[in-house]
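Presented below is the structure to which this report refers.
Counting starts at 1 for both ligands and their atoms, following the listed order. Just so it is clear, the model here is predicted, and its values are computed rather than measured.
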Amino acid sequence: MLFEQAASYLKPDDLGQLRAAYIFSEAAHEGQFRRSGEPYISHPLAVAAILAQWHLDGQALTAALLHDVMEDTAVTKTEITERFGRMVAELVDGVSKLDRIEFQSQEQAQAENFRKMLLAMARDVRVILIKLADRLHNMRTLDVMQAHKRERIARETIEIYAPIANRLGLNALYQELEELSFKNLYPNRYRVLKKALETARGNRREVLEKILEAVRQRLADAGLEATVTGREKNLYSIYKKMHDKNLSFSKVYDIYAFRVVVKDPPACYLALGALHGLFKPIPGKFKDYIAIPKANGYQSLHTTLFGPYGSPVEIQIRTQEMHKIAEAGVASHWLYKSNNASLSELQRKTHQWLQSLLEMHSESSDSVEFLEHLKIDLFPDEVYVFTPKGKIMALPMGSTCVDFAYAVHTDIGNRCVAVKINHELAPLRSELRNGDRVEIITAVHAKPNPGWLQYVVTAKARHHIRHFLKTMRYEESAQLGERLLAAALAALGSSLRGINPTDWERMLKETGAPSRHELLANIGLGQQLASVVARQLHPAEGGEASMDGHRGTLGPLTIRGTEGTALQLANCCRPIPGDPIIGFIKKGAGMIIHTHDCPVIAKAHRARAKWMDVEWAPDTRKSFPVNIRIIATNQTGVLARVAAEIAEHDSNIENVKVDLEDSSAYSGIDFTLQVSNRVHLARIVRGLRQLPEVIRIHRLKA
Ligand code: MN
């Protein structure tokens with residue numbers, strides 16, 4: 001059946017490929033059976049046959065025959081590319097990707113997002129069409145499945161796939177999917193309703209014939225060539241109307257519906273006029289979808305008339321062309337356009353499809369908006385991903401895991417430390433792709449990283465990261481400022497408590513700081529010198545001491561290295577607890593800690609007033625980075641042995657750089673290690689010296 005159908009419109013080349021795909025697929029599915037007991041190949045064959053009825057191109061039919069081989073057999077995408085070309089492989093891959101994502105949530109809004117996700121993932125409309133044909137065949141053969149499985153698949157079909165078919169204008173498919181879903185979801189209601197329909201149909205046949213005859217006669221009298229058919233409402237639409245509007249079966253069913261097909265648009269309006277003359281129209285029921293088509297391209301005139309026996313008569317009037325589109329929708333563009341070779345190009349195909357829709361409605365005023373609507377639905381600027389609980393989140397295209405974390409909740413964003421995408425650890429900066437399942441891992445004490453600002457794309461993430469960093473920096477600066485000021489006051493024989501409120505007021509006025517807290521933050525950030533502020537706050541003994549001469553009396557400031565952004569350990573010398581250290585207040589940056597022997601500060605003689613005596617608190621618990629350089633003999637495995645020795649001493653290696661440009665006999669290896677203090681470092685160095693390969697070790701400063 002597939003090949004007969006396909007032979008009626010495909011070229012010999014395409015038919016040849018289709019036959020090859022059939023043989024290939026049959027071999028790949030060899031030994032697999034459907035639940036019904038049939039060989040598995042019967043399913044892809046049926047799917048391709050459905051697509052052939054829609055007159056889809058050779059690539060789509062080929063892909064339909066192969067649509068399950070990647071998921072169910074050992075065949076790879078590369079193999080399909082080699083045998084059937086890149087486009088067919090892309091189509092098969094696209095369908096397989098859709099198969100892998102599963103709809104879980106029952107929420108209405110989630111269903112809408114899921115539909116968008118499918119459309120966004122498909123990229124090529126043909127992928128969706130293959131998927132829809134696949135679903136249609138599965139629905140037609142659902143009887144053999146267990147009840148709970150039937151229900152799940154039927155629910156998914158009615159919530160996801162039927163609306164997609166509707167949106168694409170595939171009317172016949174849409175109705176069949178709905179009907180089959182209804183039958184499997186509510187078997188009892190379906191049976192009762194079906195019975196009622198059969199009984200009612202017999203009773204009303206006579207009335208239907210009479211109205212039909214009257215309509216035909218009136219159109220003929222008006223000189224219009226028209227085909228008039230009675231329309232049966234499908235069971236599901238009757239059920240839905242009864243359910244949604246709380247109507248009885250007879251109320252819903254007691255409507256006669258007809259379709260009038262004429263030759264061109266002007267004839268539609270003439271027919272409308274003629275029929276409004278036959279029976280009176282019901283006010284407010286007339287709709288002109290010819291002038292203003294539906295978003296899926298549907299066109300017709302709809303009107304409802306007062307029928308001769310008190311029952312309403314619904315009439316749809318359309319041209320033959322409109323009728324084809326109403327029945328087949330998007331597929332009709334393959335159906336009625338000649339097949340040329342360039343159609344194979346994805347971009348062109350999609351463009352052509354959109355273009356033809358646009359041309360079709362170029363008279364209507366909102367055609368641009370109409371095109372816009374289609375574009376958004378098929379190629380959205382959004383990316384759709386799952387939370388671990390199966391909820392779908394929509395984010396702007398290009399969003400990263402950090403954007404996702406902030407979209408879930410500000411706290412999740414502020415505390416995120418790692419991420420799993422589809423159950424595998426990934427960098428936080430990873431860009432999200434449609435259908436990803438994203439799980440953010442948080443830690444209680446984690447904080448946003450300024451580096452995130454370089455890649456987040458959502459305004460929400462950017463705002464919260466900035467806000468957090470600013471607040472954190474401000475708080476930390478204020479704390480450091482308070483300690484610096486307290487130390488400076490102590491050197492003058494005063495204390496923070498000893499300053500009276502009027503002196504504070506005067507000070508704030510002079511410096512222009514809006515609050516005491518702000519002033520302290522300024523000191524912490526190095527905008528104001530603690531010694532200067534101290535002398536202004538405590539002017540009594542003023543003038544006698546310059547900071548240079550009296551630094552010793554100040555007493556050193558104790559640091560732990562955990563003070564945060566207001567206090568930074570210099571990158572040049574990388575001080576660790578136990579090193580003699582000195583603090584340098586850098587304007588706008590806060591305090592920077594160097595070692596006494598750091599070559600960088602040796603050069604910076606200027607601004608000595610900004611130097612502070614600091615010392616380590618005895619109980620630092622943090623790990624500190626330190627740089628060491630090892631000269632070792634150039635043997636295989638030396639790096640591994642050195643690394644093992646370092647690990648032996650409970651240290652982490654943060655970074656390694658092997659200097660290969662040295663002579664072949666020796667190599668230089670630079671390590672950045674995590675140590676808790678000098679004693680720890682000394683232990684590691686002692687251990688390393690015992691390795692025979694290690695010639696020399698020294699710590700790097702600057
Ligand atoms: Mn399938």
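Listed by first then second residue, pairs satisfying side-chain hydrogen bond (donor to acceptor under 3.5 Å, both in side chains) with a partner in residues 424-433 number zero, not counting sequence neighbours.
For the pair Asp99 and Lys131, the salt-bridge criterion is met [side-chain N within less than 4.0 Å of a carboxylate O]. Under a 4.0 Å N-O distance rule, the pair Lys285/Glu314 does not qualify as a salt bridge.
Counting heavy atoms from C-beta outward, Cys268 and Thr319 have side chains that approach closer than 4.5 Å.
Of all protein N/O/S atoms, those lying under 2.8 Å from the Mn ion (ligand 1) come to 4.
Put simply, the side chain of Thr387 gets close to the backbone of Lys391: a donor and an acceptor are under 3.5 Å apart.
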Inset, instruction - Decide yes or no on side-chain contact (heavy atoms from CB on, under 4.5 Å) for Thr400 and Leu432, but give the supporting numbers first. - result: CA-CA 6 Å; Thr400 64; Leu432 301 172; 5.9 Å; no
